[in-house]
Amino acid sequence: MTKKYLLKFGGRALGKPVLADCVLKTKARINILKADAEGNMLVKIPKSSEEKVLRFLRDEGVDVTEQKNVVEYDRERCIDCGLCTSLCPTGAFSLDAESTLVYNEDKCVLCGLCIDACPRRALSKPKF
Ligand code: SF4
Ligand code: SF4
């Protein structure tokens, strides 16, 4: 599966043609999905060239994080009420033996059902 990565161009990565150099060096077909004025860019990197692209970008000072298409969960806000567990169609949320909420983000398909239902606003869509 092709993964998505959030690239943050700041510090020494600013003002340089880092992405162009990366494509030239790695010959990877990087797909830009989104970009904003703050220097953030969401890209898809083909699996076959993922390792060398990530190494190149990090060496050039780009902050790289994998962007998972899953709901964001704020543990600090959560009161373990369990409402999201009854709504989630994939079982991404469950309560453990101590009635503490457990989040398995690998199961989330970002359907959004839990986001509006949470009484504590502990759940949100990815920001980028
Ligand atoms: S609905 Fe919100 S407060 Fe309740 S368990 Fe889920 S995340 Fe926590
Ligand atoms: S967004 Fe949908 S799939 Fe993901 S945790 Fe919430 S209800 Fe489950």
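In each ligand, atom 1 is the first atom listed, and ligand 1 is the first ligand listed. Just so you know, residue 1 is the first one in the sequence shown, and it goes up from there. What you see is a predicted model; the values in this text were computed from it and never measured.
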**OP:** Indicate, with yes or no, if L110 and L87 share a hydrophobic cluster defined by side-chain heavy-atom contacts under 4.5 Å among Ile, Leu, Val, Met, Phe, Trp and Tyr.
**Re:** no
Subject >> Residue part near ligand 1, for D80, under 4.0 Å between non-hydrogen atoms >> reply: backbone
**OP:** Taking only heavy atoms of P119 into account, list the atoms of ligand 1 that are under 4.0 Å away from them.
**Re:** 1 (S)
Subject >> Protein contact to atom 4 (Fe) of ligand 1 [nearest heavy atom, distance to 0.1 Å] >> reply: C81 SG, 2.3 Å
Original post:
Within less than 4.0 angstrom of ligand 2, does C84 place any heavy atom?
Top reply: no
Original post:
Is any N, O or S atom of C78 under 2.8 Å away from atom 8 (Fe) of ligand 1?
Top reply: yes
Subject >> Subset of ligand 2 atoms that lie under 4.0 Å from at least one heavy atom of F93 >> reply: 5 (S)
Subject >> Part of C114 within contact of ligand 1 (heavy atoms, under 4.0 Å) >> reply: neither
**OP:** Distance to 0.1 Å, residue and atom name: give those for the protein heavy atom nearest to atom 3 (S) of ligand 1.
**Re:** I79 N, 3.5 Å
Subject >> Side chain R120, main chain R77, donor-acceptor under 3.5 Å >> reply: yes
Subject >> K68/E105 salt bridge by N-O under 4.0 Å criterion >> reply: yes
Original post:
So which protein heavy atom does atom 5 (S) of ligand 1 come closest to, and at what separation?
Top reply: G82 N, 3.2 Å
**OP:** Report yes or no: does C118 have an N/O/S atom closer than 2.8 Å to atom 2 (Fe) of ligand 1?
**Re:** yes
**OP:** Could you list the atoms of ligand 2 found under 4.0 angstrom from a heavy atom of C88?
**Re:** 3 (S), 5 (S), 7 (S), 8 (Fe)
Subject >> Proximal ligand 2 atoms for A92, defined as those under 4.0 Å from one of its heavy atoms >> reply: 5 (S)
Subject >> Verify same cluster id: V23, F9 (apolar side-chain graph, 4.5 Å) >> reply: yes
Original post:
Counting each atom of ligand 2 from 1 as listed, which ones have a heavy atom of L110 under 4.0 Å away?
Top reply: 1 (S), 4 (Fe)
Original post:
Would V64 and I32 show up in the same hydrophobic cluster when neighbours are defined by side-chain heavy atoms closer than 4.5 Å?
Top reply: yes
**OP:** Could you tell me if any non-hydrogen atom of V109 lies under 4.0 Å from any atom of ligand 2?
**Re:** yes
Original post:
Is A117 near ligand 1, meaning one of its heavy atoms is under 4.0 Å from it?
Top reply: no
Original post:
Nearest protein heavy-atom contact for atom 2 (Fe) of ligand 2: which residue, which atom, what distance?
Top reply: C111 SG, 2.3 Å
**OP:** Assess whether atom NZ of K52 is packed by more than 12 heavy atoms of other residues, nucleotides or ligands within 6.0 Å.
**Re:** yes
Original post:
Looking only at heavy atoms, what is the nearest atom pair of K4 and L33, with distance?
Top reply: CD-CD1, 3.5 Å
Subject >> Parallel, tilted or perpendicular, as decided by the 30° and 60° cut-offs, for the rings of Y73 and F93 >> reply: perpendicular
**OP:** With heavy atoms of P89 as the reference, note each atom of ligand 2 found under 4.0 Å away.
**Re:** 7 (S)
Original post:
So, Y103 side chain and V71 main chain: donor-acceptor pair closer than 3.5 Å or not?
Top reply: yes
**OP:** Within a distance under 4.0 Å of any heavy atom of G112, pick out the atoms of ligand 2 and give their elements.
**Re:** 1 (S), 2 (Fe)
**OP:** Go through the steps for K16 and E60 under the test salt bridge (charged side-chain N to carboxylate O under 4.0 Å, His left out), then give the verdict.
**Re:** CA-CA 9 Å; K16 293 195 293 181; E60 292 295 322; 3.1 Å; yes
**OP:** Using a 4.0 Å heavy-atom threshold (strictly under), name the region of L101 that reaches ligand 1: side chain, backbone, both or neither.
**Re:** side chain
Original post:
Under the 3.5 angstrom rule, does the side chain of N104 hit a backbone N or O of A92 as a donor-acceptor pair?
Top reply: no
**OP:** Measure across C118 and L123 and return the closest heavy-atom pair with its distance rounded to 0.1 Å.
**Re:** CB-CD1, 3.9 Å
**OP:** Identify, by atom number and element, the atoms of ligand 2 in contact range of T90, meaning under 4.0 Å from any of its heavy atoms.
**Re:** 3 (S)
